[in-house]
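Reading through the C-alpha cells given below for one structure.
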There are 2 protein chains.
Amino acid sequence: MLEPSHASYLKNLVGEGNFYDDSPHLSAYAYDATKERYLPDGVIFARDEHDISQILAYCNMHKIIVVPRGAGSGFTGGALSVRGGLILSLERMDQILEIDEKNLIARVQPGVINKHFQEVVEKRGLFYPPDPASQDQSTLGGNVSENAGGMRAAKYGITKDYVMALRAVLPNGDIIRAGKKTIKDVAGFNVAGILIASEGCLAVITEMTLKLLAKPKLRQSAMGVFNSIKEAMEAVYKSMASGVTPVAMEFLDNLTIKAVEQRFNKGLPIGAGAILITQVDGSVPEQISWQLQEIEKHFRENGCVDFKIAQTPQEEENLWFSRRNASQSISVYGKKKLNEDVTVPRASLPALLEEVGRISVEYGFAIPCFGHTGDGNVHVNVMVANPSDRAQLEKGHQAMEAIFKVAIALEGTLSGEHGIGLSKAKFMPLAFNESEMALFRRIKQAFDPNNILNPFKMGL
Amino acid sequence: MLEPSHASYLKNLVGEGNFYDDSPHLSAYAYDATKERYLPDGVIFARDEHDISQILAYCNMHKIIVVPRGAGSGFTGGALSVRGGLILSLERMDQILEIDEKNLIARVQPGVINKHFQEVVEKRGLFYPPDPASQDQSTLGGNVSENAGGMRAAKYGITKDYVMALRAVLPNGDIIRAGKKTIKDVAGFNVAGILIASEGCLAVITEMTLKLLAKPKLRQSAMGVFNSIKEAMEAVYKSMASGVTPVAMEFLDNLTIKAVEQRFNKGLPIGAGAILITQVDGSVPEQISWQLQEIEKHFRENGCVDFKIAQTPQEEENLWFSRRNASQSISVYGKKKLNEDVTVPRASLPALLEEVGRISVEYGFAIPCFGHTGDGNVHVNVMVANPSDRAQLEKGHQAMEAIFKVAIALEGTLSGEHGIGLSKAKFMPLAFNESEMALFRRIKQAFDPNNILNPFKMGL
C-alpha cells in the first residue's frame, strides 16, 4: 500500500480522475495477457510528458516502484507490478501528433493503438508495416518497448526498423530526446536503439517518431499444401533465398490445420503435413506475377502438392482464415496453452520442427505449431489437457524448456516477439553468459540507479 | 611513451610482428582522413578475439588508453589517439568467416574491406547495400562503429539496418555476444543497437553477423537538369513522397557542376542550378519503367528542363561520372575544404540549401554542395582559399558552425555519416541538452568505468 502522503501528492499532481488506489482499479490493473495477477498499490494516468517527469522524479526520490503500462496485452508480464508500487498507464496519451506526408514520418504518443494508427495512415495512402497479432489492442508505446513483430516482418522488418526518434523520461525525471527525423543520424550514442525492446525498464517513452512507407499499390496471396512439414520448411527458406521477398510466409502444421477444421469446417486439407500461406506486394502487376511464379516453382520443387492463388479479395480472406483462427482453435488439444515464440534462422526451421515433434512424443503433449516462418519465428504451443494436475503442468513447462534449448542450439532466440518480462526470466541463463548478464545490469544501473522502473524483470 | 614493462608484456602477448613502438610505426598510425596527427605510444595488431580480450584486460588493469582502428579513413578523428596510449589495429582480422546463402547472412571479421565484401557476395548473387564513399578503403568494423551510410541509403538504409549480431570485447576483457542470426530477437537489452555508431568508445567489435539481400536483377539510372536548386530540392521530396523509392537520389549544385566541368570537360550543363542523378532497381522491367516514369513526372512538374535515361552501361557510367568526381573537383575553389555532412528531413532540403546560400554570401566563401538528397544528407563544403591565413580559416569554421545551427533548427543532425569523434565534439551542446550528455556519460561508464577505450571523443 502507498503511504497516504505519497498517494495525496500523486493525486494532487495529476488531478482527481487520474490517480486511483481503490480496490476495483487496483484489480483492473493487476493482470495482462499472461493471466497472472499482481495487485499494484496505485494506478496513475499520465496526461503528458510533464506529468511523467514529475511522477518519476517524485517516485525516484522516495524509491517507489513504477511499472509503465500500455494496453496490458503482453504475453510475458512486462506490465505487471510484481512487488507493488505504481502502475503508470500511458493509455490516455493517445494522440497522433503529426503525419508528415512530405517526409513519410509520423509523430505519435505512446497510447495510440496500433490498428488505429495503421488505419489512419492508410487512408492517406501511407503504410506502417509492424502488425503484431495484438494490433487491435496493443499500443505503439508497448510495441516499441517490446519491439513487436508480426506477419509482415519477412519483408518489412519489425518495430525497431520504423523507430526514427523517441522522447523519453529517465527515472530521475530528466526528459531526453534520442534519434532524429532523418534516415541518417550518427551524432551521440544510439540511445533510441537501446530503449527499443527495453520492456519499460530503462525509461518511459513519451513520444515516437515513426517511419512510414507509401502504401503498396497491389498485393496477392497464395497457399501451398505440403505432405510433410519438413518439405514445407525447406520450401520456406529456399523460396526466400531465391530472391523473392514475400510480405508474409506463414505456416500451419497438421495439428493446427485439424483444429481449425474441427472448429470451423472450412474444407481444409486435414491430411496435409503443413500449409504455407504467403502474400506478395508491389507497384506493377508484373512484379506480383513474377513473385508468385517464383514461389510456386520453389514450393513445387519442395513437395508442394497443391498451390492456389487467391483471385478475389474474398478468396484472399478465405486463404488467411485458417491462419487468423489458428491460435484460438488449438484449444481443442488442452485447457492450458504454454505458448512461446522461439525463432531460429530460416534454414534451421526443418531441424526445429523435427525436434519439436520428438519432444512432443517424449513428453506426451500435443504441440501444435504455426506462425511466421518467413522470418523463422514459430509459435510453439505445448497443450496441457489438465492444468490443475500440477505434475502434468510442470512436465509441460519442462517440454517447453527442452524446446528453448533446441532453439538456442540452432542459433535462435528465446523470444522473437513476446520479450522476456517475468515469464522467461528464468531462461535468460540459457541464452546469456554471466558477462552479458552483468552488462545488462550495468546498463540498467546507468539509466535507473535506484531500480524503481519496472524492476525484477528480464532476469535482472 | 609506454613503460618498458607494458611494452614487453604486450609484445610477448601478440608476438614479435604484431606490436610496435618504433617511430616509423607510430608515425604511420598517427593520422586519419582528418589529416590531424597524434602520435600513439604503441601500435598493436590483434590476431583474434582472444588477443583483444587479453590486451584490454591488461590495459584496463594498468589504465592504458586503447584506441581501436580499422582503416583510418574516418573524417572525424575517431581512430586518433589524442593522448597517447595504444592503437589497436583490427586490420589483420580480415576474414569473411561465413556466407550463409540459405539464410542470407554473412559472418565477418572487423578488418574486412567494405568493397571486397560487396564483390564477394555479389559473385554469389547476393547484395550488401551500405556503400560509404570510403568503400575502397574502409573496413566493415569501422562502418559499424560509425554506422556508415552511402548513396543507396535512400532505398536500402544504412549500416545499422544490416547488423544482426555482434561479438565484442568489453574494456574489462569480457567477451560478449549481442543479437542473433534471426530477424526477430527480443531477448535482453539491444546491446548491438548501442554498439553501432559508438565510435569505438564502448567495446571492441570482433565479429559481425550481417544481413544480405538477393541482388536486384535490374537497375537503371537517369539524370534531371534543373534551373534552380530550390526546384531540384522540391523534386526530391515530392518524387519520394509519391511512392517511388529510388536506390539513390544524388545531387550536385551549380558550383559543383562547374568545378567538375572545369576539370574534366564532359559537357555538363554549367548554367544549371542543380542536377539530380537517380537510380532505380527491381526484378522485372515494368517495375523499372514505372519508377522512372513517376520520377520523370515529378521532376518535370518541379522545373526539370531536361531528363535523360541511361540506355547502356556506358551511358550509366557517364551519368554518374560527375557525382563520383564531385568531391575532388571542388578543390578549384580553395586549398582547404571544411567538409561536413549535415542531414535534414528531405522536405527541409530547400530551406537548408537556401540558408547555405545566404551563409556563403554573408561569410564570403564558396560553399559547393552535393550529396545524398534522397535521405536528406548533404555534403556541404566551405572552401577556404588560403588556409594559412588563420583569420580566414577561423571565419570558415564560423560559417560551418552557422550551417550546423541551421541544420539543427530544421530538425536535422550534426552528422548523417561521419560521426562526432574529435572534429565535431565541440558542437555536441548544439544538439544535446545536459540531461542527454549526462546519460551518454553514464552509458560510457557502464561499459568502460576506467575510461580507457577511445577516451576524449564525442564530447564525453
Side-chain angles (χ1 to χ4, degrees), chain A residues 101-104 146-147 149 153 157-158 170 174-177 180-191 193-194 196-198 214 237 241 243 282-284 286-287 290 343-347 375-377 411-417 419-420 431-432 435-436 439-440 442-443 445-446 458, chain B residues 101-104 146-147 149 153 157-158 170 174-177 180-191 193-194 196-198 214 237 241 243 282-284 286-287 290 343-347 375-377 411-417 419-420 431-432 435-436 439-440 442-443 445-446 458:
Chain A
E101 299 182 40
K102 291 179 176 178
N103 289 305
L104 302 178
E146 301 287 334
N147 195 8
I158 57 178
L170 300 180
D174 279 4
I175 295 170
I176 61 160
R177 304 149 306 160
K180 286 285 177 190
K181 278 177 89 168
T182 56
I183 293 170
K184 291 173 174 169
D185 170 35
V186 294
F189 291 132
N190 181 15
V191 170
I194 196 118
I196 296 164
S198 66
Y237 81 78
S283 311
V284 291
E286 293 81 358
Q287 195 183 350
W290 175 77
T343 304
V344 295
R346 277 190 296 267
D375 51 50
N377 180 200
E411 299 189 74
T413 172
L414 292 178
S415 179
E417 299 190 318
I420 299 298
F432 298 101
S435 299
E436 291 154 358
L439 178 62
F440 291 159
R442 293 199 302 275
I443 291 171
Q445 174 94 18
M458 297 176 85
Chain B
E101 300 183 39
K102 291 180 175 177
N103 289 305
L104 303 177
E146 301 286 335
N147 195 7
I158 58 179
L170 300 180
D174 279 3
I175 294 170
I176 61 161
R177 304 147 308 158
K180 285 286 177 188
K181 278 177 90 169
T182 55
I183 292 170
K184 292 174 174 170
D185 170 36
V186 294
F189 291 133
N190 181 15
V191 170
I194 196 118
I196 296 165
S198 66
Y237 83 77
S283 310
V284 290
E286 293 82 358
Q287 195 184 351
W290 174 77
T343 304
V344 295
R346 278 191 296 266
D375 51 51
N377 180 202
E411 298 188 75
T413 172
L414 292 176
S415 178
E417 299 190 318
I420 300 299
F432 298 100
S435 299
E436 291 153 358
L439 179 62
F440 291 160
R442 292 199 302 274
I443 292 171
Q445 175 94 18
M458 298 177 84

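Source: prediction; values computed, not measured. We use all heavy atoms of the structure for the numbers below, so side chains are in, but hydrogens, waters and symmetry mates are not. Letters A, B, ... mirror the listed sequences (proteins, then strands); counts begin at 1.
Interface residue V186(B): backbone and side-chain heavy atoms are both found under 4.5 Å from chain A. Residue contact with chain A, scored on non-hydrogen atoms closer than 4.5 Å, involves the backbone of A431(B) exclusively. Of the atoms belonging to I175(B), it is backbone heavy atoms, and not side-chain ones, that fall under 4.5 Å from chain A. Contact of K181(B) with chain A is made through backbone and side chain together, with heavy-atom distances under 4.5 Å. Only the side chain of N377(B) comes within less than 4.5 Å of a heavy atom of chain A; its backbone N, CA, C and O stay farther away.
Counting heavy-atom pairs under 4.5 Å between each of G243(A), G282(A), A214(A), S283(A) and chain B puts S283(A) at the top. Of the listed residues (G376(A), S198(A), G149(A)), the greatest number of heavy-atom pairs within a distance under 4.5 Å of chain B belongs to S198(A). Your options are I196(A), L414(A), I443(A), and the one with the most heavy-atom pairs under 4.5 Å with chain B is I443(A). Per-residue counts of heavy-atom pairs under 4.5 Å with chain B were compared for I158(A), N147(A), V284(A), V344(A); the largest is that of V284(A). For chain B, the option among A153(A), P345(A), G412(A), G157(A) with the highest count of heavy-atom pairs below 4.5 Å is P345(A). Per-residue counts of heavy-atom pairs under 4.5 Å with chain B were compared for E101(A), Q445(A), R442(A); the largest is that of R442(A).
In this structure, L170(A) CG and L439(B) CG are separated by 5.5 Å, a value rounded to the nearest 0.5 Å. Rounding to the nearest 0.5 Å places OG1 of T413(B) at 3.5 Å from CG of D185(A). Atoms CZ and CG, on R346(B) and L104(A) in that order, are 5.5 Å from each other to the nearest 0.5 Å. Rounded to the nearest 0.5 Å, atoms CD (E411(A)) and CG (N103(B)) are 9.0 Å apart.
For E286(B) (side chain) and Q287(A) (main-chain N/O), no donor-acceptor pair under 3.5 Å exists by modelled atom type.
Of all heavy-atom pairs spanning F432(A) and R177(B), the tightest one is CA-NH2, 3.8 Å. Heavy atoms only, all atoms of each residue included: T343(A) and K184(B) are closest at CG2-O, 3.7 Å. Nearest heavy-atom pair across A347(B) and K102(A) is CB-CB, 3.5 Å. The minimum heavy-atom distance between F440(B) and F189(A), with the atom names listed, is O-CE1, 3.5 Å.
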